[in-house]
> 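If you scroll down you'll find the structure; I have some questions about it.
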Protein chains: 2
Amino acid sequence: MLQNKLRTVIVDDHPIVIEGLKNLLKNESNIELIGGFQNGADIMLYLESGKVDLILLDITLPDVNGMDLCLKIKKKYRSTIVLILSNRTERSIVVQTIQNGASGYLLKNSSLDELRRCIAEAVNGSICYSKEVTEILSRPSRNELLAAPRLTKREKQILELIAQGKTSQAIGEELFLSPLTIDTHRKNLLQKFQVKNVAELIMSANQQNLF
Amino acid sequence: MLQNKLRTVIVDDHPIVIEGLKNLLKNESNIELIGGFQNGADIMLYLESGKVDLILLDITLPDVNGMDLCLKIKKKYRSTIVLILSNRTERSIVVQTIQNGASGYLLKNSSLDELRRCIAEAVNGSICYSKEVTEILSRPSRNELLAAPRLTKREKQILELIAQGKTSQAIGEELFLSPLTIDTHRKNLLQKFQVKNVAELIMSANQQNLF
DNA sequence: TTTTTTCTACTGGTTTTTAGGTATTTTTCG
DNA sequence: CGAAAAATACCTAAAAACCAGTAGAAAAAA
């Protein structure tokens, strides 16, 4: 395991961060830096051609959400390790990314030591958080006791349209579906979020950073 | 002016960013990198002893606000050039920092070219923004466009209860008012926010940080 | 103290959502 | 392939929200 260097890429929309990480990691004996990408599309494209062992991934990207991207990567390339490196401190985001298969979550103000430690643990198969993230996770916001529901693609899409104030009728027309179908999705959304009506639904979705 | 290198420091709470900038700037002929600081107190302390020509300053710092820090620095060390390098895209923040004496504002996803150009212009005495920032400044803040509606006390209170998923019936009982009265307030809220239903109402209120 | 705003409440009618369900087809995944 | 999950669509009926008005009382501002 150690004889082979980890083929590593960095995905971050800030070139400065990419440069910084490259610099920080270039002297690591077990890491071979392959490159940096500034958006989700580029890294997905690259993954098709080259083997990658480790991805350092930001949450905030210009084209896709880092959480979704993580899931997409893990689905297609199971063995690739994804470590999240982000500024976002919302508990819901941390939990979501881990559910989506990430092997760890670090804040960008982590030290090199922490990064090193997390990479080592991730390679080992365990999940690792930077100090501050551990703290975020340890104080259970009572909001999160109701675990963030896993939504299907359709549900996310319809939730989005509901948030825009559209009626089931209008959504049905937009998606070429029966309004009755939209009603069913609506019902399922309310159930998944454990709320009684759209007002609560939108509040809850907002608190969980779904928009 | 050009014979003397610019004595430059970086202030950013993310060590990774500091590393990245150092790396990006180390080959610049007119820049002498002195060091990086992770908070406001450290840089203020340093300034007392050493001369600094250029400060690359982040807005988000652990101890003080970058805008305030900028003002403090400019008051005490008039000739020191402060360039803001931040992720924050709020128009109000950009305007405020410039008013506080900063010589420019760049987003962290700026290219090295942009950074180089801005440093040159700042030395020249003019104010320089990265491309995206220019755009932010040119489009009238959406706060100005969708003026946040002025809500009465009652309306705020009822909005709050609506967001909790309560029906007009329930709200009426809670406030000892007729449900018909609540309906009127509801109607007025929709009108003030210029939306069609609660879904949009809650979204809008959330975007305006009313909760 | 006028004037204006806010708060209150109503009428009457329409549209939309919500709450129980059931049930078939299509996708996805092991 | 077969099973599970997701997406589709329907029924009935009640509840709630939305629309378009009017209007008096209370409070705040001019």
Side-chain angles (χ1 to χ4, degrees), chain A residues 44 68 70-80 96 99-101 146-206 210, chain B residues 147-206 210:
Chain A
M44 287 311 290
D68 296 342
C70 175
L71 184 63
K72 206 168 148 194
I73 291 170
K74 290 300 284 189
K75 264 193 181 160
K76 224 170 162 186
Y77 311 97
R78 182 91 65 83
S79 63
T80 300
Q96 182 79 62
Q99 277 177 359
N100 285 359
L146 318 161
R150 279 179 301 289
L151 301 184
T152 68
K153 225 167 141 192
R154 241 332 177 221
E155 284 167 347
K156 273 183 208 167
Q157 184 183 30
I158 287 169
L159 174 59
E160 199 83 35
L161 295 170
I162 290 172
Q164 285 167 28
K166 293 182 176 153
T167 65
S168 296
Q169 189 72 41
I171 296 172
E173 275 162 31
E174 191 168 331
L175 302 180
F176 305 106
L177 293 173
S178 161
L180 298 165
T181 303
I182 312 301
D183 274 345
T184 303
H185 285 300
R186 240 194 162 94
K187 195 162 39 175
N188 291 337
L189 281 166
L190 294 184
Q191 206 170 41
K192 284 196 178 179
F193 278 85
Q194 301 190 64
V195 294
K196 299 191 304 297
N197 52 37
V198 275
E200 258 188 294
L201 175 67
I202 302 295
M203 276 304 278
S204 185
N206 258 302
L210 274 119
Chain B
R150 282 180 303 289
L151 302 184
T152 67
K153 228 168 140 189
R154 245 322 181 228
E155 284 166 348
K156 273 181 207 165
Q157 184 183 29
I158 288 170
L159 174 59
E160 197 83 36
L161 294 169
I162 290 173
Q164 284 166 30
K166 291 180 177 155
T167 65
S168 296
Q169 189 72 42
I171 296 172
E173 276 163 30
E174 192 169 328
L175 304 179
F176 305 107
L177 293 173
S178 161
L180 297 167
T181 301
I182 311 302
D183 274 343
T184 302
H185 285 300
R186 242 195 159 95
K187 190 167 42 175
N188 292 337
L189 280 167
L190 293 183
Q191 208 169 40
K192 284 196 177 180
F193 278 85
Q194 301 189 68
V195 295
K196 297 192 304 297
N197 52 37
V198 276
E200 257 188 296
L201 174 67
I202 301 294
M203 277 303 278
S204 185
N206 258 303
L210 278 141

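What you see is a predicted model; the values in this text were computed from it and never measured. In what follows, chains are A, B, ... by sequence order, proteins preceding strands, each numbered from 1.
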> Mind checking if A/K187 touches a base, just sugar-phosphate, or nothing, with heavy atoms under 4.0 Å?
base
> Please check this pair: side chain of B/N197 against backbone of B/E200, looking for a donor-acceptor N/O pair closer than 3.5 Å.
yes
> When you match A/D183 and B/N188 each to their closest nucleotide on DNA chain C, which lands nearer the 5' end?
B/N188
> Separation of A/R186 atom CZ from D/dA9 atom P, in whole Å?
16 Å
> Verify, without hydrogens or angle tests, whether A/E155 (side chain) and A/L151 (backbone) share a donor-acceptor contact under 3.5 angstrom.
no
> A/L201 versus B/I202: any side-chain heavy-atom pair under 4.5 Å?
no
> What's the CZ-C1' distance between A/F176 and D/dA9, to the nearest Å?
18 Å
> Using a heavy-atom cut-off of 4.0 Å across all strands, would you classify B/T184 as base, sugar-phosphate, or nothing?
base
> What integer distance in Å separates A/H185:NE2 from D/dA9:P?
8 Å
> Using whole Å, report how far CG of A/L151 lies from P of D/dA6.
10 Å
> Could you state the atom-to-atom distance from CD of B/Q191 to C1' of D/dA17 in whole Å?
16 Å
> If you assign each of A/S178 and B/S168 to its closest nucleotide in DNA chain D, which residue comes earlier from the 5' end?
A/S178
> Between C/dT8, D/dA7, C/dA19, which nucleotide has the shortest distance from any of its atoms to the side chain of B/R154?
C/dT8
> Measure NZ/A/K153 against C1'/C/dT27 and give the value in whole Å, please.
11 Å
> For the residue pair A/L161 and A/E174, what are the closest heavy atoms and their distance?
CD2-OE2, 3.6 Å
> Please state how far atom CZ in A/R78 lies from atom P in C/dG30, giving the value in whole angstrom units.
7 Å
> Between B/L175 and A/K75, which residue's closest nucleotide on DNA chain C lies nearer the 5′ terminus?
B/L175
> I need the CD1-P distance between B/I182 and C/dT8, as an integer number of Å.
7 Å
> From C/dA9, C/dC7, D/dA16, pick the nucleotide closest to the side chain of B/T167?
D/dA16
> What is the nucleic acid contact for A/K196, judged by heavy atoms within less than 4.0 Å: base, sugar-phosphate only, or nothing?
sugar-phosphate
> Could you tell me whether A/K74 atom NZ has more than 12 heavy atoms of other residues or ligands within 6.0 Å of it?
yes
> Using a cut-off of 4.0 Å on non-hydrogen atoms, how would the nucleic acid contact of A/N197 be classed: base, sugar-phosphate, or nothing?
sugar-phosphate
> Need one value for B/T181: base, sugar-phosphate or nothing, where a base atom within 4.0 Å counts as base even if backbone is also close, heavy atoms only.
base
